[in-house]
Amino acid sequence: MINLQELTKDYGTVVAVNKLNLSVSAGEIYGFIGPNGAGKTTTIRMMGGILAPTSGKIIIGGLDMAQKPAEAKKLIGFIPDRPFLYEKLTGMEFLQFSADLYNVKRDTFLEKAQKLLQQFDLLDWADELVEAYSHGMKQRLIIASALLHDPQILIIDEPMVGLDPSAVRLVKDILKELAAHQTTVFISTHTLSIAEDLCHRIGLIHKGTLSAQGTLDELKHIANLGEAGLEEVFLTIIKENTFI
Amino acid sequence: MNNTFLLLRPRLISAINSMRPRNGKHNWPRFFMYGSLGFVFWTGTFIIFYRVLFYFQSIQDFGNILAMKLISMLIIIFFTLLLFSNIINCLSHLYLSQDLPLLHSLPVSSENIFSSRWIISTFDSSWMIVAFSFPVFLSYGLIYKTGFSFYLTFPVTIVFMCLITSALSSILVLFGAKILPAGRIRTIIIVLGVFMTLLLILVLRLIRPEQLVNPDSFASVVLYLNSMQTPDSPLLPTTWITDIIKASLNGEIKNCLFNIALTGTCAFMLIFISNMIARLIYFDGFSKSQTTSKRLFAPVKYKGYNWESLLSFLPRESKAFAVREIRTFFRDSAQWPQLFLIIALIGIYLYNFSVLPLDNLPIKAVYLQNLFSFLNIGLAAFVLTAIVARFVFPSVSREGEAFWIVQAAPVSLKKFLWIKFFLYYVPLIILVEFLVVVSNLLLRVSPFMMFLSTITLFCLVPAVVGMAVGLGAVYADFKSENPAQAATSFGGLLFMVLCFCLISTVVILEAGPVYSIFMADLRGQGISLLQLTWSVISFVFAFLLCLLAIFYPIYLGEKKLRIR
Ligand SMILES: Nc1ncnc2c1ncn2[C@@H]1O[C@H](COP(=O)(O)OP(=O)(O)O)[C@@H](O)[C@H]1O
Ligand SMILES: [Mg+2]
């Protein structure tokens, strides 16, 4: 469903992403981990069609992001790392806005929106302006709006920052269920425990290049570690890379 | 005190950093633009004041009275402007800036935060007015052939005036924040906007500029102005400031020094008082301002029907954008004062046409009416440019950090920009055509002029709006804390200069043909073939220019947003 070919982003000052090749198939949850400044957000913004790559290709559900951006974006639910929203709209108005943009069926919209707001514990806040929401509430609203149009692909940048434990559990459950129904999930995270018990496959990005990729067991093998957690694997691979 | 200056450092350092070339792009076009615009305004002010004062000197009895009257009026205007801009700047620097929570978490007293912010706010609100008071007073100095001391006293006086107004406004704002209910602090801006609008209307009603056109009443206007010489209250700082300037123009050293001392002590006393008040209530007010207010209009429970259903004829995406834009616009109370001002501006605009003494003008009326009508095209277009610069140009920047929503949405940037274009184009074309038709009716112009005005503006409005949307996208600043200020940024100024060029070019292109057609009409002759071809070529050229101004900037804007 997702296919990145030789994806490169050069900011002029740094090459944030360097010839990245990666593919994720339908129904898979792909975890994207790496230290701060590794290029995760840059990659994700390019996949969401928010940033133009310097070179390389992004294929989303068979559609080239550079050729058919509007069609490709229709397939995506995008959740950025920082929850910037229209402060002067209410939660419900925002959902209505994104439903209109993604062409959600009108007759099912209200029911669906209310169900999502209920799920994310925002129903009482539906008619309040977003500027009065807390950081976590904004993030929950964004996740709700990304799920509104039943995307085939979810692209998520560090979703758990600012969420409370119950919301983290909720998001994990939702993602697992969506993946079971053939939704592709691409998720970048710092929280290794989440990557460990959520993701089918994990990619480790460091200084803009993919250092290692595979299931948890495969990664342990690569790092030559027997019974270690992802944290050990992460630190080992990063360290080896810096020595090279 | 040390802490106060320490807190000023980030501001200084960012100012220096912003001069550094970014990503290899140099800043010289920016400097050139600001420099030349500043120079034009500066010399323009100087020349106008010098000419006016020179003219006053030549009027025997009234000249000096008028010059002195002008001084006291100027001082009052400067004082009021300083007061307003200080209130707005104080409000944002003390209560609304985004870095304030960080500042308040630092181990410094709230008094230190107050003083550092106060210094920045004073500087921000005064530098422009100070800069433009220089040519005014320079021309006074030259005309009155004052000694060197005048050039010393007046900068000191201006600085004192800035300090007084800024201390006064900070006291006002401090109390406002303390008294107003939580989250309501922005209402100060709205109240201020209404107040300013009323003041503007009042002043224009009192001055009655149309009277100066009429030679019969000119002398009586001067007499009238003179009779207004009510002795100014000796308790007001403006009186002292006026007295300083007058005394030093006339070389009365003692009087001058006395008033300088008076103004200076007043300034420092007010600064001291404002610091004391800040120590007591600044933090209270700040923590209150952190609350989001209840809406002024209670939220409407979600319903299937609303005013939005009026827009149902639009395609779904366009309607979504339109509804969002209208909602966010009107819910942002920072926009309201500007709206009041525009309504006042339009009222005054039409009012001025209605009071023009068309019947007792010395020049032949038909000619003048149609000349006015022709110039009115340009005037209406400039009013339009001012409105557009304030509301349409910043509209892409207003998306702010939430722009990712549009970027991630399955809508092309081209469509996004065109939706914005039509959203502003429709109300503006109605407004401008209304203005022109009504003012032409008031002028009782010929049908040809009526036709020409409506057609020309029908082409100019989309051109100006298109340039605003396009250049607004090219120079979009999504990180700006106050996108409304985009109008005075580099891109905003460039937009205004380009609009000025476009409008002048179109008007000049039309002037020749219109004159010949009009004169031929007056003489009852037809126009020659040569004149006809010339006219057609001019009009077609003007039309093509407008088309270019609609499409090319939007194309550029889309390209710029895409590679961002
Ligand atoms: N707008 C930008 N301009 C220039 N450099 C940037 C920009 N955004 C990110 N970078 C640089 O790109 C690199 C990758 O950043 P990012 O993708 O945000 O990392 P991550 O999300 O993995 O922490 C960093 O070195 C960062 O400094
Ligand atoms: Mg990141």
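Letters A, B, ... mirror the listed sequences (proteins, then strands); counts begin at 1.
Summarising the local packing, NZ of B:Lys319 is surrounded by more than 12 heavy atoms from other residues, nucleotides or ligands at distances under 6.0 Å. At most 12 non-hydrogen atoms from other residues, nucleotides or ligands lie less than 6.0 angstrom from NZ of B:Lys415. Crowding of A:Lys176 atom NZ: a count of heavy atoms from other residues, nucleotides or ligands under 6.0 Å exceeding 12.
Closest heavy-atom contact between B:Arg331 and A:Leu129: NH1-CD2, 3.7 Å. Between B:Ala409 and A:Tyr102, the closest heavy-atom pair is CA-OH, 3.6 Å.
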May I have the list of side-chain donor-acceptor pairs in residues 70-84 of chain A shorter than 3.5 Å, sequence neighbours left out?
from    : atom 1 : to       : atom 2 : distance (Å)
A:Lys73 : NZ     : B:Gln407 : O      : 2.6

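Contact annotation for residues 22-30 of chain A against chain B (heavy-atom separation below 4.5 Å): no residues qualify.
Taking chain A as the reference chain and counting heavy-atom pairs below 4.5 Å, the highest number among B:Gly400, B:Ala402, B:Ser412 is found for B:Ala402.
Contact of the B:Arg316 side chain with the A:Leu101 side chain is not registered, since no non-hydrogen atoms from C-beta on lie closer than 4.5 Å. Between A:Ile142 and B:Ile405 the shortest side-chain heavy-atom distance does not fall below 4.5 Å.
Residue pairs meeting the ring-ring contact (aromatic ring centres under 6.0 Å, His included) criterion with at least one member in residues 37-61 of chain A, sequence neighbours excluded, do not occur.
To the nearest 0.5 angstrom, B:Arg327 atom CZ is 13.0 Å from A:Tyr86 atom OH. Interatomic distance, CD of B:Glu325 versus CZ of A:Phe97, reported as 9.5 Å (0.5 Å rounding).
Under the rule for a side-chain hydrogen bond (donor to acceptor under 3.5 Å, both in side chains), the partners of A:Lys88 that lie at least two apart in sequence or sit in another chain are A:Glu131.
Interface residue B:Phe321: backbone and side-chain heavy atoms are both found under 4.5 Å from chain A.
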